[in-house]
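All remarks here apply to the structure that follows.
All values derive from a computational prediction rather than experimental measurement. Read the numbers this way: they start at 1 and go in the same order the structure lists the ligands and their atoms.
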Amino acid sequence: MQIAPSLHRLGDSLVNTYLVEEAGLVTIIDAGVPAYWDELPRELAGMGRSLEDVRALILTHGHSDHIGFAERFRTERGVAVRVHELDAALARGEVPNPAKGLGPMRLGPLLGFLLWSARRGALRIKTLGEVSVFGDGATLDVPGSPRVIHVPGHTPGSAALHVASHDALFVGDAFATKAVTTGAVGPRIAPFTADASEAVASLARLEAVEASWVLPGHGQPWTGGVAEAVRLVRADAESERG
Ligand SMILES: [Zn+2]
Ligand SMILES: [Zn+2]
């Protein structure tokens, strides 16, 4: 679906993959679940583009529900997959998921999410044979020229990507607008976070960014401003602590 001109999303908002087009070329941000591979050509066609036009795949972090079709894309298309240097080992499957439990959960939404994911290939996600890495502050030489903002906490190498030309901030799972484990909506710390207090502290690195589109790994786009989203995540984290 189209979010804005030159900005599309794959999937139904439970797990998001984004497509950014600039001058006829495309960057994919996160690779969702394996089944999104089959939806990719149609979404690209809706932008007047094809797989040939995809020049980059950037991962916001190394979790499997963001790796999705990445290895297939890398091997079939010969395009490098990039991730922050501190999540490279996670993306290659060399270290276990650093997540400490689920956080709050409700059985219905959690089972619904697991079933939804399993039906879309989440149980057979291939980790990456090879990744290219980037560091904090880098401006990536790919369509859209995303600027990297390191926001550790959810994982050590979690990164937000600011695409100023599209007025968009891709936050990965630095925070979510839907908690897949509870069904709760609105900006909040994402489930499966390794270090919640570090994740909250990292929000300070985002709050001065101006972006009309705040695009999370899970949930609907947020259009109320980055600072307001950050305020709500902090308030929610505060109430979780009680
Ligand atoms: Zn994650
Ligand atoms: Zn995720």
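- Under 4.0 Å is where a charged nitrogen must lie from a carboxylate oxygen, and between E39 and R120 no such pair does.
- Looking at E43 and R9, no side-chain N of the basic residue comes within less than 4.0 Å of a carboxylate O on the acidic one, giving no salt bridge.
- With respect to the Zn ion (ligand 2), D65 has OD2 as its nearest N, O or S atom.
- Among T155, D173, D30, D87, the single residue meeting the side-chain hydrogen bond (donor to acceptor under 3.5 Å, both in side chains) criterion with H61 is D173.
- Residue D173: an N/O/S atom is found under 2.8 Å from the Zn ion (ligand 1).
- With 2.8 Å as the limit, H61 does not count as an N, O or S neighbour of the Zn ion (ligand 2).
- Taking the six-membered ring for Trp and thresholds of 30 and 60 degrees, W37 and F69 have ring planes inclined between 30 and 60 degrees apart.
- For a distance bound of 2.8 Å, the N, O or S atoms of H63 include none lying that close to the Zn ion (ligand 2).
- The Zn ion (ligand 1) lies under 2.8 Å from an N, O or S atom belonging to H154.
- Few gaps surround CG on D12; more than 12 heavy atoms of other groups in view lie less than 6.0 Å from it.
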